[in-house]
2 protein chains.
Amino acid sequence: MPKSFLGEFEQMVLLGILQRGDTAYGIDVRKEIEKSAGREVSRGAFYTTLDRMEAKGYVKWKTAAPVTGRGGMPQRLFRVTPAGKRALRASRKALLTLWRGLDEVLG
Amino acid sequence: MPKSFLGEFEQMVLLGILQRGDTAYGIDVRKEIEKSAGREVSRGAFYTTLDRMEAKGYVKWKTAAPVTGRGGMPQRLFRVTPAGKRALRASRKALLTLWRGLDEVLG
DNA sequence: GAGTGCGGGAATACATTGTAGACTAGATGA
DNA sequence: TCATCTAGTCTACAATGTATTCCCGCACTC
């Protein structure tokens, strides 16, 4: 039994990585989240969360040669570990259970 | 545009209240969450969160005469405000968007 | 009718997450 | 070679999540 749930933002970051599949570069993931969630995500917030989740074993990453024509430092390519997916499943299950039957109330 | 999302736990509390409809007494809501989420919720965590959400205008409450045969202080009967529902909808929308297409990955 | 156990709740304190802002460093091109 | 663009890092602080401990009033019991 997990000590606690995934935070809301952590969850979004994890899902953003999965959405991008094999091209989960930091920036792309960030854009994915901004698009889906409809709000800005600062770099600081984003990478801090990522590093903390790495410490918890939910994500891993490796550097990749800069792909873009322009640009700077080696990019980080992320992926979600099995533990991360497990945590995601647990969070989703709990939320779905609570949402059940509330569709009309919530519109 | 909300400054930030609802936390995971806040969301659960709000949903728990809605689930209980007109009988959203503190204790009942807490049990509801424990059942759905499959983990314990300490009283402290629960009421602290509730009070903070009251400050943000997401919930309101009034006291109700003690209904139970046994025991104590007037209970608090909660309800979610329109602002609370709006916040809930926004969180759900963002999460659903991110979950889209990941069912097989997440099993 | 004082002592005690119990059901709710409040207060307090601390750990974990969320977020912003300023800062670094490699690549490009005028 | 310097301005500037991109991707990422660091630091500090605010907001949320959580456990612990305390309080209060009822009703039971003797």
Side-chain angles (χ1 to χ4, degrees), chain A residues 1-14 16 20 23-34 37 39-59 61-78 87 91 94, chain B residues 1-14 16 23-31 33-34 37 39-59 61-78 87 91 94:
Chain A
M1 183 128 335
K3 173 169 109 275
S4 83
F5 290 113
L6 245 27
E8 180 98 19
F9 190 54
E10 292 181 320
Q11 204 172 145
M12 290 190 176
V13 171
L14 249 21
R20 301 294 312 184
T23 57
Y25 296 99
I27 284 296
D28 297 330
V29 174
R30 218 178 117 217
K31 291 218 185 87
E32 180 74 37
I33 298 170
E34 294 193 330
R39 74 165 181 154
E40 269 202 42
V41 174
S42 78
R43 272 177 302 226
F46 181 68
Y47 288 107
T48 304
T49 297
L50 240 8
D51 289 344
R52 291 204 274 237
M53 288 203 290
E54 191 198 359
K56 291 194 285 187
Y58 290 165
V59 303
W61 60 276
K62 55 181 180 182
T63 55
V67 184
T68 53
R70 298 187 57 80
M73 303 173 89
Q75 298 184 134
R76 287 166 71 179
L77 184 59
F78 294 93
S91 275
Chain B
M1 182 125 340
K3 172 169 109 276
S4 83
F5 291 114
L6 246 26
E8 178 98 19
F9 188 56
E10 291 181 320
Q11 205 173 141
M12 290 190 177
V13 171
L14 249 21
T23 56
Y25 296 100
I27 284 296
D28 297 328
V29 174
R30 220 178 115 218
K31 291 219 186 84
I33 296 170
E34 295 193 329
R39 73 166 182 155
E40 270 203 42
V41 174
S42 76
R43 271 177 304 206
F46 180 68
Y47 287 109
T48 304
T49 296
L50 241 8
D51 288 343
R52 291 204 274 237
M53 288 203 291
E54 191 197 359
K56 291 195 286 187
Y58 290 164
V59 303
W61 60 274
K62 55 182 179 181
T63 54
V67 185
T68 53
R70 292 189 58 79
M73 302 173 86
Q75 299 184 131
R76 287 165 70 179
L77 183 60
F78 294 94
S91 277

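Residue numbers begin at 1 in each chain, while the letters A, B, ... track the order of the sequences. Only a predicted model underlies this, so the values are computations on that prediction, with no experimental measurement involved.
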For [X], answer base if it contacts any base atom (sugar-phosphate contacts may also be present), sugar-phosphate if it contacts only those atoms, and nothing otherwise; contact means non-hydrogen atoms under 4.0 Å.
{"X": "A:Gly7", "result": "sugar-phosphate"}
{"X": "B:Gly44", "result": "base"}
{"X": "A:Arg76", "result": "sugar-phosphate"}
{"X": "A:Tyr47", "result": "base"}

Determine, step by step, whether A:Leu50 and A:Trp61 satisfy the side chain to side chain contact (heavy atoms under 4.5 Å, CB included) criterion, reporting the C-alpha distance in whole Å, the side-chain angles of both residues, the deciding distance to 0.1 Å, and the verdict.
-> CA-CA 10 Å; A:Leu50 240 8; A:Trp61 60 276; over 6 Å; no

[X] [atom1] to [N] [atom2], straight-line distance once rounded to whole Å:
{"X": "B:Glu10", "N": "C:dT16", "atom1": "CD", "atom2": "P", "result": "19 Å"}
{"X": "B:Arg43", "N": "C:dA10", "atom1": "CZ", "atom2": "C1'", "result": "11 Å"}
{"X": "B:Met12", "N": "D:dT18", "atom1": "CE", "atom2": "P", "result": "9 Å"}
{"X": "B:Leu50", "N": "D:dT16", "atom1": "CG", "atom2": "C1'", "result": "14 Å"}
{"X": "A:Gln75", "N": "D:dC5", "atom1": "CD", "atom2": "C1'", "result": "13 Å"}
{"X": "B:Asp51", "N": "C:dT12", "atom1": "CG", "atom2": "P", "result": "12 Å"}
{"X": "B:Glu54", "N": "D:dA15", "atom1": "CD", "atom2": "P", "result": "18 Å"}
{"X": "A:Phe46", "N": "D:dG8", "atom1": "CZ", "atom2": "P", "result": "8 Å"}

OP1 or OP2 of D:dT18 sitting under 4.0 Å from any side-chain N/O of B:Arg39?
->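 So the side-chain polar atoms of B:Arg39 do come within 4.0 Å of the phosphate oxygens OP1 or OP2 of D:dT18, strictly under.
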
Can you find a side chain N or O atom of A:Lys56 that sits less than 4.0 Å from OP1 or OP2 on C:dT17?
->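 The answer is yes; a side-chain N or O of A:Lys56 sits under 4.0 Å from OP1 or OP2.
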
If you round to the nearest 0.5 Å, how far is CD of A:Glu32 from OG1 of A:Thr23?
->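 Between A:Thr23 OG1 and A:Glu32 CD, I get 9.0 Å after rounding to 0.5 Å.
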
With a 3.5 Å cut-off and just heavy-atom distances, do the side chain of B:Arg52 and the base of D:dG17 make a donor-acceptor pair?
->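 Indeed, a donor on one side and an acceptor on the other fall under 3.5 Å apart.
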
First encountered from the 5' end of DNA chain C, between B:Gly26 and A:Phe9 =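 The 5'-side residue here is B:Gly26.
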
For A:Gln11 and for B:Thr48, locate the closest nucleotide of DNA chain C by heavy-atom distance; then report the residue assigned to the nucleotide nearer the 5' terminus.
->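 Mapping each residue to its closest nucleotide by heavy atoms, the 5'-most match is B:Thr48.
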
First of A:Phe78 and B:Glu8 reached from the 5' end of DNA chain D, by closest nucleotide |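 On the 5' side of the pair lies A:Phe78.
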
Nearest to the side chain of B:Ser42, which nucleotide is it out of C:dT19, C:dT17, D:dA19?
->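 My answer, after comparing the listed nucleotides, is D:dA19.
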
Evaluate the side-chain proximity of B:Tyr25 to B:Leu77: yes if any heavy-atom separation is below 4.5 Å, no if none is.
->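 Yes, close enough: below the 4.5 Å cut-off.
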
Intermediate values then yes/no, side chain to side chain contact (heavy atoms under 4.5 Å, CB included), A:Phe78 and A:Val13 | CA-CA 10 Å; A:Phe78 294 93; A:Val13 171; over 6 Å; no

Grab the two heavy atoms, one from B:Leu14 and one from B:Met53, that are nearest each other, plus how far apart they are.
->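 Closest pair (atom of B:Leu14, atom of B:Met53, distance): CD1-CE, 3.7 Å.
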
